[in-house]
> 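Quick one: this structure, given as C-alpha cells, is what I'll be asking you about.
Along the sequence shown, residues carry numbers from 1. Please read these numbers as outputs of a predicted model, since none were measured by experiment.
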Amino acid sequence: MIPAFNGFSYLKKHLPVITRLGADQIIIVDDASTDGTGQFLKTEYPNIVVITHPKNLRFPKSVNDGFAHATGEVVILLNQDLLPSPDLLKHALSHFKDPDIFAVTFAERQRSWADGAWNDGFLEFKNGARFPLEAEGFSHSEISGSSV
C-alpha cells in the first residue's frame, strides 16, 4: 500500500519493481495529486487499486484509507519515494511464520532503524541507532502492558 501525493515521478520509476514483488494486491491512495499521478496510474497500471481523494487529506488519512481497502493478512506500507529491494516480500513475510510477530519495520540502506517508545498511550517512532541487518522491536509484554 502506497500513499501518494504528487508522486508521479517516483511511481513511474518505482512501480515496475513494485509490481514484480509478487504482492497479491497493490493499493495506491492518490491524495489529490496535481501532477498527473491519477491519470498515469489509470492508464499504465489498471490492475492497481487506486483510491482517489478529491482533496488532500494528508498522510495519516491516506494510510488509514489504504489499510481499510486491503484484503490480505499482511499489509506492507511503502512511501512513494521508496524503491524496495526485489526480494522484500521474501524477507518480510518470513518473519510472520512466528505467531508472536505482529509487525515488521524496514530500514533503508544508510538509514537508521526506527526507535519506538510509548508516550501517553501512543506508540511514537523516531530515528534510532544504525544496525547492519536486523534489530529487536517491542516484545509482547511491552505492548500488552501499555496503557493503549
> Please report the shortest heavy-atom distance between Ser33 and Gly7, naming the atom on each side.
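Taking every non-hydrogen atom into account, OG-N, 4.4 Å.
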> Okay, side chain of Asp35, backbone of Phe8: is any donor-acceptor separation there less than 3.5 Å?
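Yes, because the side chain of Asp35 sits within donor-acceptor range (under 3.5 Å) of the backbone of Phe8.
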> Output the distance between atom CD1 (Ile27) and atom CG (Leu77), rounded to the nearest 0.5 Å.
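Taking CD1 in Ile27 and CG in Leu77, the distance rounds to 11.0 Å.
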> Distance check, rounded to the nearest 0.5 Å: Thr37 atom OG1 versus Lys42 atom NZ?
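Rounded to the nearest 0.5 Å, the OG1-NZ separation comes to 13.0 Å.
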> In terms of hydrophobic clustering (I, L, V, M, F, W, Y; side-chain heavy atoms under 4.5 Å; direct or indirect links), are Tyr45 and Ile2 co-clustered?
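Looking at the clustering, Ile2 is in the same group as Tyr45.
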> For Ile101 and His95, which heavy atoms make the closest approach, and how far apart are they?
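Where Ile101 meets His95 most closely, the heavy atoms are CG1-O, 3.2 Å.
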> Linking I/L/V/M/F/W/Y whenever any side-chain heavy atoms sit under 4.5 Å apart, do Val74 and Met1 land together?
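No, Val74 and Met1 fall in different hydrophobic clusters.
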> Between the side chain of Asn56 and the main-chain N/O of Ala32, is any donor-acceptor distance below 3.5 Å?
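Looks like no, no N/O pair under 3.5 Å.
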> Consider only side-chain heavy atoms of I, L, V, M, F, W and Y, link residues closer than 4.5 Å, and tell whether Ile18 and Phe40 are in one cluster.
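Linked within one cluster.
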> Roughly how far, to the nearest 0.5 Å, is OG1 of Thr34 from CG of Asn6?
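With rounding to 0.5 Å, CG (Asn6) is 4.0 Å from OG1 (Thr34).
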> Using modelled atom types and a 3.5 Å cut-off, is there a donor and acceptor pairing between side-chain atoms of Gln80 and backbone atoms of Phe5?
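At least one qualifying donor-acceptor pair exists.
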> Identify the heavy atoms of Leu82 and His14 that sit nearest to each other, and give their distance.
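Minimum heavy-atom contact is O-ND1, 3.3 Å.
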> If you look at every heavy atom in Leu21 and Pro86, which pair is closest and at what distance?
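Closest approach of Leu21 to Pro86: CD2-O, 3.6 Å.
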> Side chain to side chain contact (heavy atoms under 4.5 Å, CB included) between Phe59 and Asn79: does it pass, once the steps are laid out?
CA-CA 10 Å; Phe59 185 81; Asn79 287 339; 3.7 Å; yes
> So does Lys90 get a backbone contact from the side chain of Asp87, meaning a donor-acceptor N/O pair under 3.5 Å?
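Pair absent, no side-chain N/O of Asp87 close to backbone of Lys90.
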> What is the distance from atom CG of Leu93 to atom NE2 of His91, rounded to the nearest 0.5 Å?
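Nearest 0.5 Å value for the CG-NE2 distance: 11.0 Å.
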> What are the two closest non-hydrogen atoms of Gly22 and Leu89, and how far apart are they?
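The answer is C-CD1, 3.7 Å.
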> If you group Ile, Leu, Val, Met, Phe, Trp and Tyr by side-chain heavy-atom gaps below 4.5 Å, do Val29 and Ile48 land in one group?
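Different clusters.
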> By the definition side-chain contact (heavy atoms from CB on, under 4.5 Å), identify the one residue from Val49, Leu78, Leu41 that meets it with Ile28.
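Of the listed options, the one satisfying the test is Leu41.
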> Under 4.5 Å between side-chain heavy atoms, counting indirect links through other Ile/Leu/Val/Met/Phe/Trp/Tyr residues: same cluster for Ile26 and Ile51 or not?
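As far as the 4.5 Å side-chain criterion goes, Ile51 and Ile26 are not connected within one cluster.
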> Drop me the distance from Glu44's CD to Gln39's CD, to the nearest 0.5 angstrom.
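Between Glu44 CD and Gln39 CD, I get 9.5 Å after rounding to 0.5 Å.
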> Which atom names give the shortest non-hydrogen contact between Thr52 and Pro54, and what distance separates them?
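So the two residues come closest at O-CD, 3.6 Å.
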